[in-house]
Undergrad: 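Quick one: structure below, then a few questions.
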There are 2 protein chains.
Amino acid sequence: MDTAPRPGLRERKKRRTRDALVRTALELFVANGYERTTVDEIAGAVDVSQRTFFRYFASKEEAAFAVQELVEAHFLEAVRRRPPHEPPLTALRRAVLASWDTIGEAIETVVPMELHMRAFRLIESTPALLAAHLGRQEGLEEELARTVAEREGLDVDADPRPRVTVALFGGVMRLAARSWGAGHDFSATAMRGLTASYLDQMELALAEDWRTRGEHAPGHSRK
Amino acid sequence: MDTAPRPGLRERKKRRTRDALVRTALELFVANGYERTTVDEIAGAVDVSQRTFFRYFASKEEAAFAVQELVEAHFLEAVRRRPPHEPPLTALRRAVLASWDTIGEAIETVVPMELHMRAFRLIESTPALLAAHLGRQEGLEEELARTVAEREGLDVDADPRPRVTVALFGGVMRLAARSWGAGHDFSATAMRGLTASYLDQMELALAEDWRTRGEHAPGHSRK
DNA sequence: AGGTTAGTGACAGTCGCTGACAGTTGACAA
DNA sequence: TTGTCAACTGTCAGCGACTGTCACTAACCT
């Protein structure tokens with residue numbers, strides 16, 4: 001590996017401009033809402049032309065997801081790092097939990113954690129952004145399915161299990177993220193807890209009859 | 001019930017205009033692609049002003065999903081009609097399968113089946129539309145979760161099982177729809193078969209170790 | 001028939017986004 | 001150091017989605 005000697009002035013400048021755009025965009029989005037923030041405002045605040053903004057991001061939306069992109073790549077990497085003998089769901093589970101512990105630093109190189117979390121809430125509560133988010137997640141799931149299939153030595157298109165597994169896992173993860181965003185505890189610990197607890201619910205939810213026995217999740221009574 | 005004596009001329013005219021817009025929009029989308037079709041073209045073809053188009057649909061996107069809306073409502077209705085003693089997943093499964101058998105007529109009152117199916121493929125293959133589709137599905141899943149919770153006498157926000165169940169179910173349904181759209185057999189029978197086979201995969205995918213035994217789904221050879 | 005009101009068209013304007021062209025400034029060699 | 005080249009950028013012009021406004025027509029109601 002030799003991919004980090006000195007980026008060169010041009011590269012550094014570009015990186016600075018990009019980070020400033022992301023940061024400013026998120027700040028304005030969070031402060032005034034996504035749709036009420038114009039690209040001209042963002043570009044103006046960073047003192048570049050609107051045209052330049054669109055040279056860095058294909059769309060206003062793309063700027064909103066710049067940090068998410070980091071998180072997703074980080075998680076995917078964590079999955080690929082799991083030892084191949086682990087069963088698929090176990091590998092996925094450990095990868096998420098592990099990646100929550102280390103993603104913080106990567107994020108902080110671009111924007112403060114606080115801002116990222118507020119941006120996440122905004123994504124969840126803005127229909128247009130939520131739709132885009134789900135679309136991105138579908139793309140991630142496709143990559144995950146391929147990764148899982150490769151681990152197990154299967155053909156993704158012939159054996160449905162990799163995609164099914166990833167779809168189930170992804171659905172549950174969305175629920176965890178959603179309740180994280182809806183709550184008030186934005187710590188990584190809280191996210192870990194929610195993740196684990198939702199994953200534990202998977203088998204319970206598939207049970208035939210929910211009414212034969214009252215107890216299911218510890219601490220959850222029937223209200 | 002008394003909701004169908006005579007709609008009145010005004011209503012009938014409105015309905016006709018709307019149907020014409022939907023039909024024309026889908027035809028143009030399918031023929032030329034979604035983004036390459038302008039609202040002006042659609043409005044022009046139906047001989048109304050662009051402004052009028054936007055009085056019927058909040059966005060170009062909304063016109064693309066007018067028929068999907070019907071399908072979703074139909075399915076939701078089918079779920080609500082299931083006898084309350086059925087376990088949640090059983091009720092969901094039977095509701096989908098049942099609704100595929102009867103949705104055809106409802107669709108044909110607006111557009112020919114063939115057109116609807118082509119439009120569905122277009123949605124799956126156009127990123128912007130796919131994202132919107134996933135966003136809509138999330139909304140549907142929320143309603144489903146509430147319905148399931150009510151059947152079981154639970155509080156959606158206190159007990160995670162309704163949302164988890166619906167998320168798992170929804171994820172699998174998306175896979176079935178996706179492979180339906182990717183294939184060549186557009187019959188309702190094909191959709192039924194895919195739906196059933198993917199649902200059957202749910203438990204198998206959750207199995208600990210996929211490598212202890214080679215066989216998994218009956219009729220699914222490793223091709 | 002005559003007043004009310006829903007539905008429409010015409011027009012102007014905002015915002016996201018793109019192509020074309022020209023000016024500026026790092027990178028790199030002479 | 002200097003000159004050339006390529007990368008980045010700003011300016012401008014334009015398209016398409018979408019919205020507010022206002023006047024006009026036609027269905028509705030009495």
Side-chain angles (χ1 to χ4, degrees), chain A residues 3 5-22 24-26 28-29 31-66 122-123 126-133 135, chain B residues 5-22 24-26 28-29 31-66 122-123 126-132 135:
Chain A
T3 53
R6 58 233 127 178
L9 188 105
R10 213 164 211 166
E11 295 297 319
R12 269 179 289 144
K13 214 169 178 181
K14 241 173 26 169
R15 162 91 198 218
R16 245 190 303 133
T17 307
R18 195 193 134 93
D19 286 354
L21 282 172
V22 170
T24 308
L26 293 189
L28 290 173
F29 290 161
N32 310 326
Y34 176 71
E35 354 245 13
R36 275 191 305 270
T37 304
T38 66
V39 173
D40 282 329
E41 285 174 312
I42 303 169
V46 180
D47 216 70
V48 297
S49 71
Q50 190 214 51
R51 196 68 184 83
T52 293
F53 175 95
F54 283 111
R55 289 202 177 93
Y56 282 92
F57 307 102
S59 63
K60 179 169 137 181
E61 208 175 85
E62 195 175 298
F65 286 102
L122 186 72
I123 289 172
T126 305
L129 289 181
L130 179 56
H133 184 56
Chain B
R6 63 244 126 158
L9 188 104
R10 218 168 211 165
E11 294 297 320
R12 269 179 290 143
K13 219 168 175 178
K14 237 170 34 166
R15 163 91 200 219
R16 245 190 304 133
T17 307
R18 195 192 135 92
D19 286 354
L21 282 172
V22 171
T24 307
L26 293 189
L28 290 173
F29 291 161
N32 311 325
Y34 176 71
E35 352 244 13
R36 277 191 305 271
T37 305
T38 66
V39 173
D40 282 330
E41 285 175 311
I42 303 169
V46 180
D47 216 69
V48 297
S49 70
Q50 191 214 49
R51 196 68 186 83
T52 292
F53 176 95
F54 282 111
R55 288 203 178 93
Y56 282 93
F57 307 102
S59 62
K60 178 171 138 181
E61 208 176 85
E62 196 175 299
F65 285 102
L122 187 72
I123 289 172
T126 305
L129 289 181
L130 179 56

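No experiment lies behind these values; they were computed from the predicted model shown. So you know, we letter chains A, B, ... as the sequences are listed, proteins then strands, and number each from 1.
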Undergrad: Do any N or O atoms from the side chain of E11(B) and from the backbone of G8(B) form a donor-acceptor pair under 3.5 angstrom?
TA: no

Undergrad: Could I get the full list of side chain to side chain contact (heavy atoms under 4.5 Å, CB included) partners for R12(A), not counting sequence neighbours?
TA: P7(A), L9(A)

Undergrad: What's touching nucleotides 28-30 of chain C from the protein side, N or O pairs under 3.5 Å?
TA:
none

Undergrad: Could you list all N or O pairs between the protein and nucleotides 15-17 of chain C that sit under 3.5 Å apart?
TA:
residue, atom, partner, partner atom, Å
dG16(C), OP1, T37(A), O, 3.4
dG16(C), OP1, K60(A), NZ, 3.0
dG16(C), OP2, V39(A), N, 3.2
dC17(C), OP2, K60(A), N, 2.7
dC17(C), N4, Q50(A), OE1, 3.4

Undergrad: Roughly how far, to the nearest 0.5 Å, is OG1 of T38(B) from NZ of K60(B)?
TA: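 K60(B) atom NZ to T38(B) atom OG1 measures 7.0 Å (nearest 0.5 Å).
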
Undergrad: Can you tell me whether the side chain of R12(A) and the base of dG26(C) have a donor-acceptor pair closer than 3.5 Å?
TA: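 Absent.
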
Undergrad: What pairs with R15(A) under side-chain hydrogen bond (donor to acceptor under 3.5 Å, both in side chains), at least two apart in sequence or on another chain?
TA: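 If we apply the side-chain hydrogen bond (donor to acceptor under 3.5 Å, both in side chains) test to R15(A), skipping adjacent residues, the hits are D19(A).
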
Undergrad: Taking ring-ring contact (aromatic ring centres under 6.0 Å, His included) as the definition, give me every residue that meets it alongside F53(A), ordered by chain and number, with sequence neighbours left out.
TA: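 With sequence neighbours excluded, F53(A) shows a ring-ring contact (aromatic ring centres under 6.0 Å, His included) to F57(A), given in chain and number order.
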
Undergrad: Please identify each residue that fulfils side chain to side chain contact (heavy atoms under 4.5 Å, CB included) with R10(B), with sequence neighbours left out.
TA: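 With sequence neighbours excluded, R10(B) shows a side chain to side chain contact (heavy atoms under 4.5 Å, CB included) to no residue whatsoever.
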
Undergrad: CZ of R51(B) versus P of dC22(D): gap in Å, rounded?
TA: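 Interatomic distance, CZ of R51(B) to P of dC22(D): 13 Å.
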
Undergrad: Please name all residues satisfying side chain to side chain contact (heavy atoms under 4.5 Å, CB included) with Q50(A), sequence neighbours left out, ordered by chain then number.
TA: V39(A), D40(A), F54(A)

Undergrad: Checking S59(B) now: which residues fulfil side-chain hydrogen bond (donor to acceptor under 3.5 Å, both in side chains) with it, not counting sequence neighbours?
TA: none

Undergrad: Can you tell me how far C1' of dG16(D) sits from CZ of F29(B), to the nearest Å?
TA: 13 Å

Undergrad: Just to verify, what does Y56(A) make a ring-ring contact (aromatic ring centres under 6.0 Å, His included) with, not counting sequence neighbours?
TA: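 With neighbours one apart ignored, the set is empty.
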
Undergrad: Roughly, in whole Å, what's the span from CZ in R16(B) to P in dA27(D)?
TA: 11 Å

Undergrad: Considering residues at least two apart in sequence or located in another chain, which fulfil the side chain to side chain contact (heavy atoms under 4.5 Å, CB included) criterion with R16(B)?
TA: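 Checked R16(B) against side chain to side chain contact (heavy atoms under 4.5 Å, CB included); matches are K13(B).
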
Undergrad: Between the protein and nucleotides 4-8 of chain C, list every N/O to N/O distance that falls short of 3.5 Å.
TA:
residue, atom, partner, partner atom, Å
dT5(C), O2, R10(B), NH2, 3.4
dA6(C), N3, R10(B), NH2, 3.3
dG7(C), OP1, K14(B), NZ, 2.5
dT8(C), OP1, Y56(B), OH, 3.0
dT8(C), OP2, Y56(B), OH, 3.4

Undergrad: Going by side chain to side chain contact (heavy atoms under 4.5 Å, CB included), F29(A) matches just one of I123(A), T126(A), L129(A), T37(A). Which one?
TA: T37(A)

Undergrad: Give the rounded distance in Å between these two atoms: CZ of F57(A) and P of dT18(C).
TA: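 Taking atom P of dT18(C) as the reference, CZ of F57(A) is at 14 Å.
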
